[in-house]
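Working notes, beginning with the structure itself.
We count ligands from 1, going down the list as the structure has it; atoms in each ligand are counted the same way. When a residue number appears, it is its place in the shown sequence, counting from 1. All values below were derived from every heavy atom in this structure, side-chain atoms included, with hydrogens, water molecules and symmetry-related copies excluded.
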Amino acid sequence: MKRSTVNILASYIDALHPIIYINHFDFKVIDDAIKNVGSNAKIVEYNNALGLVDFYNKSPMQECDLEQFLKLTMDDGFEMETYIVLKDVHNEMSNPKIISLLKRIAENNVYRDEYSTTVFILSEITVIPKELENYITVFDIPLPTTPEILSIINEFIRDLDIKVEQEVIDDIALSFKGLNEFQIKQILNLAYQDGGCIDKDDKLLILKEKEQFIKKSGMLEIVSYSETVEDIGGLENLKEWLERKAKIFSNLDKAIKFGVDVPKGIMIIGMPGCGKSLTAKATASLFQIPLVRLDVGRLLGKYVGESEENMRKALKLSEAISPCVLWIDEIEKAFAGVGGDGGGSDVTTRLFGQFLTWMQEKENTVFIVATANDISRMPPEFLRKGRFDELFFVDLPNGEERRKIIEIHLKKRNKWSRNIDSIALIKETDGFNGADLEAVVKDTIELAFIEGRSAITTDDLIKTVKDTKSISSTLKEKIKEIKATIEKIDIKPASKEDQKS
Ligand code: ATP
């Protein structure tokens, strides 16, 4: 157990934090820390399945429920310093009798000099009853820092008596960021068993395993992608802006030392199917950092306070794996109607506030890409300058952009030819979005294949265009609404003005 964890725990106890909630999966690690801090204390343990348990050898001593257990042990603190360790009792946190008993212990601890009992609640699920909010302190076991990761790796190498080059150690240490000590050791074991040594190739294994752990946490999703800026037709202003920021991200260490502010992120608002998601992926590829998606809906929990706790964990996790792009897709849906009468619940309002504060104060290398269609119901404070570095509006592609998008998708499928008349296509595709144009290319190629033709002509494409209902005809009203909202805010166009149309 790291010294720092023990020290923080001890300082909480000294400062009379009566109930310490520890959210962790590895109870052995926490038991060791508690043992370390409480060498002079009487330690009693309650296990949700077994009742009273001997804290030191873990043997069951007496079957009882939590209420009986607390009644049995709550006065021990008058005789000597006592630690009450409760494991997996999150389900009991809505039981009024349990809440009252815990409150009594907490109040005694704070107000009566002759009483000293600290309660530790250990669970993977954090549930904090409103009535106990002022008495409970949530304790986070900090994730290992880079020097700590290095010492875990070095210890592992020493124990096995194997030789690993320093360069490899430094390299894999960075890949371990965001994982806890237990997970790091598990992966090191796996890598060693795989090839009998630790080398550069293990980085891939580490990344894969890390992805698994992050996936299992259910908070964030690592998105794999192959798209680059080359795949985006148009949006030149946005691409130029991102290319400038990429120079900072690819030299992060130097840039920070030079005094450059780390970019916070962008908000991309606009028409459906015009390349917003594509840009999120291209940003990660340009910056050469992982892309992680935050799905706010997935954070919502059924217990009081659980959603906020999940949000906190997700943001912490993103910091731990940083530098990374944190992508929040359809952010307007996640925080719809917050603070207004649009149906946003109390929980989403709180989550929103939490997210705003984090964004405002953030000094990390998590780059946010938030994408949205309709921002009419977004709280205005979200769009205020200072939160994001820039807001971009993605409009329906102009003529030149449509030409480029068609070219990109034809080239992707090896069907591009100089004979294709771009001007004619531009004229025919007014009001089409990127997704429409991609569909036109796909359908034309499919038809040519079915009909046994080897090349694609302008006429083939125009024929498909005529059979395609563009977004402007299917979502007329929605597009009008989006435009009307955009006019009211200070936002940059993602595209350069069309010289040709
Ligand atoms: P939504 O708001 O519906 O999520 P979006 O703006 O995120 O839409 P994307 O998912 O990026 O749209 O685009 C859908 C598809 O359309 C992409 O897979 C891409 O192939 C194509 N596309 C859209 N815009 C462009 C573009 N500017 N350049 C090239 N392809 C594009």
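Of the N or O atoms in L278, one or more lie within a sub-3.5 Å distance of an N or O in ligand 1. Between I232 and ligand 1, a contact under 3.5 Å exists for no N or O pair. Checking only distances, K276 does come within under 3.5 Å of ligand 1, N or O to N or O. Below 3.5 Å of separation, one finds no N or O of I408 facing any N or O of ligand 1. Of the polar atoms of I405, none of the N or O atoms is found under 3.5 Å from an N or O of ligand 1, judged by distance alone.
Neither the backbone nor the side chain of E401 comes within contact range of ligand 1; no heavy atom lies under 4.0 Å. Contact annotation: for D231 versus ligand 1, heavy atoms closer than 4.0 Å belong to the backbone alone.
Within 6.0 Å of the CD atom in Q166, the count of heavy atoms belonging to other residues, nucleotides or ligands exceeds 12. For E165, the CD atom counts as loosely surrounded, since its 6.0 Å shell holds 12 or fewer non-hydrogen atoms of other residues, nucleotides or ligands.
Taking a cut-off of under 4.0 Å to the non-hydrogen atoms of S277, the atoms of ligand 1 that pass are 4 (O), 5 (P), 7 (O), 10 (O), 11 (O). For ligand 1, the atoms closer than 4.0 angstrom to any heavy atom of E438 are 15 (C), 16 (O), 17 (C), 18 (O), 19 (C), 20 (O), 21 (C).
Residue contacts with ligand 1 include N373, since one of its heavy atoms falls under 4.0 Å from the ligand.
Between I268 and the options T283, I491, V394, a side chain to side chain contact (heavy atoms under 4.5 Å, CB included) holds for only V394. With T468 as the fixed residue, the side chain to side chain contact (heavy atoms under 4.5 Å, CB included) test singles out one of T464, I471, V465: T464.
A ring-centre distance under 6.0 Å is not found for F139 and Y21.
Cation-pi geometry between K245 and W241 is met: under 6.0 angstrom from the ring centre, within 45 degrees of the axis.
The heavy atom nearest to atom 24 (N) of ligand 1, considering only C274, A282, A494, is found in C274.
Aromatic ring orientation, F287 versus F249: parallel (interplanar angle below 30°, classes split at 30° and 60°).
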